Each structure stands twice: as structure tokens, then as C-alpha cells.
Amino acid sequence: MTKPSHPQNQAAAPKRQTGLQAGWANLANKAKGQILFWFLALILGVASGYMTLLFRKAINWLQTTLYTVEDPRLLHSFAAELPWYWVLMLPICGGLIVGIILHIFTPDGRVRSVADVIEGAALADGRVEKRAGLGSGLASLVTLSTGGSTGREGPVVHLAAVISSWVSDKIGASGITGRDLLGCAVAAAVSASFNAPIAGALFALEVVLRHFAVHAFAPIVIASVAGTVMNRLEFGNVTEFQLGNDSALEFYVELPAFLILGLLSGLVAAILMRTIFWADDLGSLVQRLTRMPRWLRPAAAGLGLGGLAIFFPHIIGVGYETTSAALTGQLLLHEAIIFAMLKVVATSVTMAGRMGGGVFSPALMVGALTGLAFGMVATSIFPNVSGSETLYALAGMGAVGAAVLGAPISTTLIVFELTGDWQTGIAVMVSISLSTAVASRLVHRSFFLTQLEKRNIHLAAGPQAYLLSMFRVEKVMRPMDQEGLPPIAKLEELQGQGACLDGASTLESALPFFERTGLDFIPVVRVGGRALDPEIIGVLYQVDALKAYNSALAATAEEEHS
């Protein structure tokens, strides 16, 4: 005989069914939203990839026209046959055009680059300046087409960020969504530029977003693949550089040499970065002393580049031909050393002149030349136990590039995908690990983070350092009309003692102030004109500042681990 059900069980059954239906509906809504976001990532990947493709083709067309070169990858060989005055005048005219463009499109005459994209991801909800970004992209196009000694990865990354910023503004994306869209655009741009889908995705996560959150991985991969497809539809499935056939490695005997190469590459990367920063400071000093208009600064740098290119056309442009010659062992020892030194000088002059372009391609060229020179010496000392000297060029290329980017993972994969040689991974990884460790001690983690540090934007130390700068005191303070505030006499007494804060300042200065004074609250003032006394507009409590800071840290941790 069937036992009757308990009334509570009968009542619980509909509740469970209702709970399951609600859970299924919630899951369906989330899945629908996720699929829509992935579709948006695909569209953004195609758009960024197509933009990168157009940027690259525009450079090739302008170089072909201006330098009368048949193959832009052999630019310096053709430039060596041109009249000297043409080689001299092209960078000068290009610099003049760049200066005018930046004067019109930017408030400070500074080219926007990868560092600004990193800043946008950390501090601006995944947004970058659109007008300045478009002007910087155009300036970089002119720079790379008229003899500038930089790379194309920086401009395309920022242009992709401009596209994602426009999309984020149109859909009203939140901070997390805006950063994810930014990562998608950057991944597609890098993938399309280097035909490197794996490295493109990891570059966006490692360098720009600076975390490996699971929720961001799928859409970024989708966009990265879309960018690669755009590249391969035009250029085919070919690697950027072709290596020689001999890439043998005597693993256990030869690995110590690659450790030494890693240390050397770290020093070379630090020299490259510090030379660029020193040249930029020198250029600013000269501009200030001579009262040179800022729009004329790129033309002055073009004069230096043109004079150098008359005798050494190897410094023109990205440096594809020289890098390929290094990777295939077609240079002599003294040529590798001299060309590496000249590339450092030329890149520093270009960037100090605010001419535009990226630093990664020059780093690859300098690294390949450094590795080749080291390999020639190493294989001549121990010829019986050494592999190919070109393998050292490959490892050096990755080691210097990784140290400059501060991105050992994505750079390792970029080197593999640029060359198609996956058999020498141990040697490359060993060199990259040592070079990154050395260079990160000599600069603020990477070239881009050091750029930001020079602008007093402290991203290298992590969220615990830069989040404080995101909160203005007047946004966290308690206004004067709120109940329970200290007596006005007490606040005025503290103000008279200098224990007050400007409402426009940030928690970056407020929290250390609490620690120094031992106060629980500080009056907040609004600074008027010279004839007006500061007016007390509120009170900042230490507990409120700490709550805001802790909430921001928790949100950041939740995003990075979601």
C-alpha cells in the first residue's frame, strides 16, 4: 500500500520546481548575454584587424612611393641607391607634417601609445583619448613611411583602443566590460600585425589588462583569431621572418651560454630604454632653452635621422631587412654590433622627437643583432659543442623584446609565431627569463610602465598603489550640511595649523597625511583665488577613506579572479 506524502514534501516540490526554473532562466539570460558579448568581441576583432591591415598597407604604399622601393621589406637596400639629399629630406618633411598633425590633434604634442592604453585600462574604465589617438595614429603612419626608426605595433594597439573606446561609449559599458572590450581590440591588433594569434591574446592579458581573468579569456581569444584571419586573408599563412635551416642546440652543454645571453640582453634592453628616456629629456631641455615651437620638434629629429640614414640606411623604418639578415646569419660581427648601436640611437632620436611609432620592433632588431654578435663569439670559442649562431640571434631577439615589454610569456610566443620555429623553445625561454629579471631591476618593470612612472602614474606597483589616485577627496568627504560633524571651531583650528586637504587632491596624498598627523578626520577646503581664503567644504574621515580604498581593492580582486 502506497504511503501518503507528507504535506511539507508536497509543498516543497513546487518550491524546488520554481527554484529550478528561476535558476534555468538566470542561466539562460547569462548565456544569452555572454553569447552577445562574444559576438561583439568578434566584430571588434574584425574591425581592429582590418584597421591594422589598412595601417600596414598604407605604410607599404607610402614607402613604395616615397623611396621608390619595389619591396618595402628591402627598404634599406633601395634607400642606399637614392640621392643623399632625398634620404635627408624625407624624414625632415615627414617630421614637419607629424608636428603639425600633433599640434592640431593633441593638447601637449605627445604621441599616444601602448602606455596610454595601459593607463586607460587601469584608470579610465578601458577608455582612451579618441581625438588624440586618431592624430597619433596618423602621425605614426607618416613617421614610419618617411624614415622614422620605430615600429608599427604601438600605433595599431592605440588605434584599436580608440575603436573599443568608441564602442564602449556607445553601449555605455561598465568598467569591467570596457576593459574586456579594450583587451579584445588590442589582441586583434597585435595578432593582425604579427600574424600571431596566441601571442596577441596573451599580450592583451599580460601587458594591457595585466591579469589573466577567466571571464576575459574567451572573448579576447575570439577577437585575436579574427584579427589573425584578417592578416592571413591578405598575406597568407606565412611567418614574418624566415630562419636558416641549421638550428641545432646542444641542450645541456650550450644552455649556460643562453643564460649569459639573457643577462647581456637584459642590460642591452635597459640601455635601449634608458637611452630613449634620456634622449626625450634632452629633447625637452633643448626645446625649452631654444624656445622651439613644439610642432617643429619632430622636424628637428627628422634632420638627425636623415643625416644618419645617408650613411646607414639600415636604421630606416621597422628594420625588417636587417632583422632578417641577423636571423639568417648574413652579417659580420662588426656589422651586428654597429647596427645594434645605430638602431638604439635612431630609435631614441625618433621617439625623443615625438615622431610616433612603437618600441617593440626596434627591440626585436636590437635583440637579434645582439644575439647574433654574442653567438658569433660563443661559437668561435667553443666550436665543437656549439649550435648555430643564428639560434642565438633568435634567443636575443626574444630576450630584448621581452625585457622592453615586460612580458616574458607573450613575447616568447610572439618570437615563436614570427619565426615558425618551435624546436628551440628552451633556449629562448632561458634567455627571456634572465633578461626580464635583469631589466626589471633597472627600470620600472617595463618601457611602458616606466613611461607612466615618469608622468607620476604609479601602475608598476599594482592596484594597491594606483587605486588611491582614482578617488578625489571631495568625492569621499562628508559635506558640511551633514549631521554629526566636528564643531566648525575645531575644523578652523586645524585649518589654521595647516592640517587640511584640498578637495581636488586624491586619497594618494590623504592616507599618508592621516598616518603622519595621527588625526581621525581632516577638514577639506576649496582653494579659491589669491585674494580668497580657502573655504571649508567638508570633512574627510580616515575610516571613510579606508572604506573606499578597500572597496576598490575588493572589486579589482573580484575582476581579476572571475
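Residues take their numbers from the sequence shown, with the count starting at 1. Everything numeric here is computed off the predicted structure, so don't read it as measured data.
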Any idea how F360 and F194 line up, ring-wise: parallel (<30°), tilted (30 to 60°), or perpendicular (>60°)? perpendicular
Would you call I426 and L255 a side-chain contact if the rule is heavy atoms closer than 4.5 Å? yes
Please report the closest heavy-atom contact between I315 and L305, naming both atoms and the distance. CD1-O, 3.9 Å
Locate the shortest heavy-atom distance separating G307 from L88; write the atom from each residue and the value. N-CD1, 3.5 Å
Exam field: side chain S145 to backbone V142, donor-acceptor pair closer than 3.5 Å: no
Given side-chain contact (heavy atoms from CB on, under 4.5 Å), test W86 with L90 step by step and report yes or no. CA-CA 6 Å; W86 191 251; L90 273 180; 3.4 Å; yes
Any chance you could lay out the side-chain contact (heavy atoms from CB on, under 4.5 Å) test for I59 and L141, step after step, and finish with the verdict? CA-CA 6 Å; I59 293 173; L141 172 63; 3.5 Å; yes
Is the shortest heavy-atom distance from the side chain of L159 to the side chain of F55 under 4.5 Å? yes
If we only count heavy atoms from C-beta on, is the L369 to L331 side-chain gap below 4.5 Å? yes
Between T412 and M429, the two heavy atoms sitting closest are CG2-CG, 3.9 Å
Tell me if a side-chain donor or acceptor on E206 pairs with a main-chain N or O of S410 at a distance below 3.5 Å. yes
Contact check, side chains of L259 and L263, non-hydrogen atoms, under 4.5 Å: no
From I222 CD1 over to C184 SG, what is the distance, rounded to the nearest 0.5 angstrom? 8.0 Å
Do other residues, nucleotides or ligands put more than 12 heavy atoms under 6.0 Å from the CZ atom of F217? no
What distance separates L267 CG from L272 CG, expressed to the nearest 0.5 Å? 12.5 Å
Expected output: side-chain S361 to main-chain G151 donor-acceptor under 3.5 Å: no
Take atom CZ of F311 as the centre, draw a 6.0 Å sphere, and report whether it contains more than 12 heavy atoms from other residues, nucleotides or ligands. no
Quick check against the 3.5 Å criterion: does T322 have a side-chain atom that pairs as donor or acceptor with the backbone of G319? no
If we ignore hydrogens and angles and just use 3.5 Å, is the side chain of S48 paired with the main-chain N or O of G45 as donor and acceptor? no
Nearest heavy-atom pair of A402 and I432: which atoms, and what distance? CB-CG2, 3.6 Å
Could you tell me whether the side chains of S191 and S224 share a donor-acceptor contact shorter than 3.5 Å? yes
Does a sphere of radius 6.0 Å around CZ in F78 hold more than 12 heavy atoms from other residues, nucleotides or ligands, not counting ones at 6.0 Å or beyond? yes
So, does S165 use its side chain to make a donor-acceptor pair with the main chain of V128 at under 3.5 Å? yes
Determine whether T450 and S446 satisfy the following criterion, side-chain contact (heavy atoms from CB on, under 4.5 Å), listing intermediate values before the conclusion. CA-CA 6 Å; T450 304; S446 71; 5.8 Å; no
H444 and L452, any side-chain heavy atoms less than 4.5 Å apart: no
Neighbour count above 12 (heavy atom, 6.0 Å) for R294 CZ: yes
Side chain proximity check, M230 to T52, heavy atoms < 4.5 angstrom: no
Starting from the C-alpha separation in whole Å, work towards a yes-or-no answer on side-chain hydrogen bond (donor to acceptor under 3.5 Å, both in side chains) for E153 and S193. CA-CA 7 Å; E153 76 291 331; S193 183; over 6 Å; no
Does W278 offer a backbone N or O that forms a donor-acceptor pair with the side chain of D281 under 3.5 Å? no
Side-chain H-bond candidate by donor/acceptor type, R152 with S140, under 3.5 Å: no
Test item: R297 side-chain N/O and A352 main-chain N/O as donor-acceptor pair under 3.5 Å: yes
Aromatic centroids of F258 and Y392 separated by under 6.0 Å: yes
Can you tell if the side chain of K130 reaches within under 4.5 Å of the side chain of L134, non-hydrogen atoms only? no
If I compare all heavy atoms of A115 with all of Q451, which pair ends up nearest, and what's the gap? CB-OE1, 3.3 Å
Kindly indicate whether the side chain of T146, heavy atoms from C-beta on, has any atom under 4.5 Å from the side chain of V98. no
How long is the gap from CG on L209 to CD1 on I118, to the nearest 0.5 Å? 10.0 Å
Is the backbone N or O of V430 less than 3.5 Å from a side-chain atom of S433, with the two atoms forming a donor-acceptor pair by type? yes
side-chain hydrogen bond (donor to acceptor under 3.5 Å, both in side chains) with D280: of R110, R354, K454, only one passes, and it is R354
Quick one: CG on L434 to CD1 on I260, what's the gap to the nearest 0.5 Å? 10.0 Å
Short N-O contact, E234 and K57, less than 4.0 angstrom: yes
S324 side, atom OG; M365 side, atom CE - distance, nearest 0.5 Å: 10.5 Å
Nearest atoms (heavy-atom pairs only) where V400 meets G367: CG2-CA, 3.5 Å
Greater than 12 external heavy atoms within 6.0 Å of M341's CE: no
Step-by-step salt bridge (Lys or Arg N to Asp or Glu O under 4.0 Å) determination, E453 to R445: CA-CA 10 Å; E453 194 72 27; R445 302 287 179 87; over 6 Å; no
T411 (side chain) donor-acceptor with P408 (main chain) under 3.5 angstrom: no
How long is the span from the CG atom in L405 to the OG1 atom in T436, to the nearest 0.5 Å? 9.0 Å
Before giving the answer on side-chain contact (heavy atoms from CB on, under 4.5 Å), spell out for V208 and F203 the whole-Å C-alpha distance, their side-chain angles and the decisive distance to 0.1 Å. CA-CA 7 Å; V208 176; F203 178 90; 4.2 Å; yes
